[in-house]
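Residue numbers run from 1 in the order of the sequence given. Computed from heavy atoms alone, side chains included, the values below leave out hydrogens, waters and symmetry copies. Both counts, for ligands and for their atoms, begin at 1 and track the order of listing.
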Amino acid sequence: MSDNKVQIFDTTLRDGEQVPGCKLNTEQKLIIAEQLDNLGVDIIEAGFPVSSPGDFKSVEEISKIVKHATVCGLTRSVENDIKVAAEALKYAKTARIHTGIGTSDSHIKHKFKSNREAIIERAVKAVTYAKSFVEDVEFYAEDAGRTDNDYLARVCEAVIKAGATVLNIPDTTGYCLPHEYGAKIKYLKENVKGIEKAILSCHCHNDLGLATANSIEGVINGARQIECTINGIGERAGNTALEEVVMILRQHPYLNLDTNIKSEMLYGMSQLVSDSMGIYTQPNKAIVGANAFAHSSGIHQDGVIKNRETYEIIDPKDVGVTESAIVLTARSGRAALAYRAKNIGYELTKLQLDEIYTNFLDFADNKKEVDDNDIHQIIENSKVYKEITSA
Ligand code: KIV
Ligand code: ZN
């Protein structure tokens, strides 16, 4: 892997599917997995095989159909979880076991009623066992975001020695600020013996709306994998949104970091996940929301009609959206009305536009959005209609 390539680890089917009420059946998961593979993700986390027979079956079936990506299964640091995951992954072209344990003092004390040394022992045992099934073993230090960096470095060093190929540093509770998360990755890069043998991975949750910013700060500081979901779905406030990190890296080429994602498929992918899960995507969602390329205020519309780049930093076609939308509302100006009227066949002179614009404003004040049928109606009811159609 080249040093400027960031691996995309998609966990829509595992962390993403933890959204309450969004359970997918195996058939739906297979369709999504196939499309993720076509999209160009490097790793698909297909599920948590020991959690239920249904999840086991999904991971097994996904393993059979994925052609390019590595297929990954989640486990706890528990022998049976690891054995079951290895079994579910046995048909995968390339398989990864993702195992781990909580490393923050809070997890160690309250969840495990244990101590730091015993946790390192369990982590090493899990990685060693996973390694007896597959070459590619990713270790997660759950709640790494709130784990003291010194201790985290010791855990990382021990699991690398046991054979971990990827070190996942989750900000499980979405607590870190971007500079803190970036500093954590930098600290591990600089203080873990053997770190060159493993890839550091960012896994950020969005409880404070910082998941994307934290992941980007992570890769700037040396991580080379981002764990993310389509539309940012996931437990509580969700995970890092795949479409956001991909487009941030693409729109900022001077960072010299890129992914293998075919960005023109992002919008379709977003729709597929949202339809399959019955989970509506907020209209102002970055990159894939219905309003991400829609302009409604007169000043913006005039700017975009003159030159798209005045108010758009991404060409909508690059993410699979056919074109920018000029939405007509009572805040729209003459330029937008003329543009939309032209699209449906009316070339208006300045005087005709003035006349129709007044009628348009009266109409728009009583309707949230003016559509093509409304424009026809406004023009047909205007004094200048005859003049327009006889021209
Ligand atoms: O958020 C988290 O810590 C996780 C781990 C299980 C990887 O999802
Ligand atoms: Zn998570």
Side-chain angles (χ1 to χ4, degrees), residues 7-20 22 41-52 55 59 70-78 81-82 84-85 96-108 110-112 119 122-123 126-127 130 136-148 151-152 155-156 159 164-176 180-181 184-185 188 198-215 218 223 225-242 244-245:
Q7 303 267 299
I8 292 294
F9 175 115
D10 181 275
T11 183
T12 304
L13 298 175
R14 199 279 295 170
D15 224 338
E17 211 228 6
Q18 289 173 210
V19 175
C22 290
V41 311
D42 301 283
I43 302 105
I44 297 173
E45 188 164 50
F48 182 7
V50 85
S51 65
S52 73
D55 227 40
V59 176
T70 293
V71 183
C72 175
L74 183 78
T75 79
R76 295 165 296 179
S77 281
V78 170
D81 283 26
I82 297 169
V84 171
R96 174 182 296 181
I97 292 179
H98 189 190
T99 190
I101 195 161
T103 54
S104 65
D105 287 338
S106 156
H107 278 227
I108 295 174
H110 302 295
K111 200 161 107 177
F112 300 115
I119 290 296
R122 279 185 69 176
V127 170
D136 192 3
V137 175
E138 172 167 340
F139 176 81
Y140 64 86
E142 195 182 6
D143 206 15
R146 295 187 300 174
T147 301
D148 143 63
Y151 175 63
L152 186 59
V155 175
C156 289
V159 295
T165 45
V166 181
L167 298 176
N168 178 8
I169 310 301
D171 183 19
T172 306
T173 58
Y175 178 71
C176 289
E180 289 169 340
Y181 189 75
K184 193 173 277 291
I185 297 292
L188 297 174
I199 293 173
L200 280 164
S201 178
C202 308
H203 179 115
C204 299
H205 279 267
N206 207 30
D207 300 67
L208 292 172
L210 292 169
T212 294
N214 285 347
S215 299
Q225 179 177 284
I226 295 179
E227 309 198 1
C228 44
T229 60
I230 301 294
N231 299 335
I233 57 163
E235 189 89 29
R236 306 184 309 281
N239 290 59
T240 300
L242 181 149
E244 293 175 12
V245 288

Suppose I only count heavy atoms of E142 and a 4.0 Å limit; which atoms of ligand 1 are within that range?
3 (O)
Which heavy atom in R236 sits nearest to a heavy atom in T172, and how many Å separate them?
NH2-O, 2.7 Å
Near Y151 OH, under 6.0 Å, is it more than 12 heavy atoms from other residues, nucleotides or ligands?
yes
Check: I233 main-chain N/O paired with N231 side-chain donor or acceptor under 3.5 Å:
no
Side-chain H-bond candidate by donor/acceptor type, N168 with H98, under 3.5 Å:
yes
Is the distance between the Zn ion (ligand 2) and the nearest N/O/S atom of D15 smaller than 2.8 Å?
yes
Is it the case that the side chains of N214 and H205 hold a donor-acceptor pair, with the cut-off being a distance below 3.5 Å and no angle test?
no
Hey, does T172 come in under 3.5 Å of ligand 1, counting only N/O atoms on both sides?
yes
Numbering the atoms of ligand 1 from 1, which are under 4.0 Å from a heavy atom of P170?
2 (C), 3 (O)
Below 3.5 Å, N or O to N or O, backbone or side chain included: is there any such pair between H205 and ligand 1?
yes
Does ligand 1 have any atom that is closer than 4.0 Å to a heavy atom of R14?
yes
So if I count the atoms of ligand 1 from 1 in the order they appear, which ones are less than 4.0 Å from some heavy atom of N168?
7 (C)
Which atoms of ligand 1 have any heavy atom of D15 under 4.0 Å away?
8 (O)
Residue, atom and distance of the protein heavy atom nearest atom 4 (C) of ligand 1 read H203 NE2, 3.5 Å
For a side-chain hydrogen bond (donor to acceptor under 3.5 Å, both in side chains) with N239, tell me which candidate from D15, T212, T229 qualifies.
D15
NE2 (H205) to the Zn ion (ligand 2) to NE2 (H203): angle, nearest 10 degrees?
100°
If only atom types and distance count, is the side chain of T147 paired as donor or acceptor with the main-chain N or O of S104 below 3.5 Å?
yes
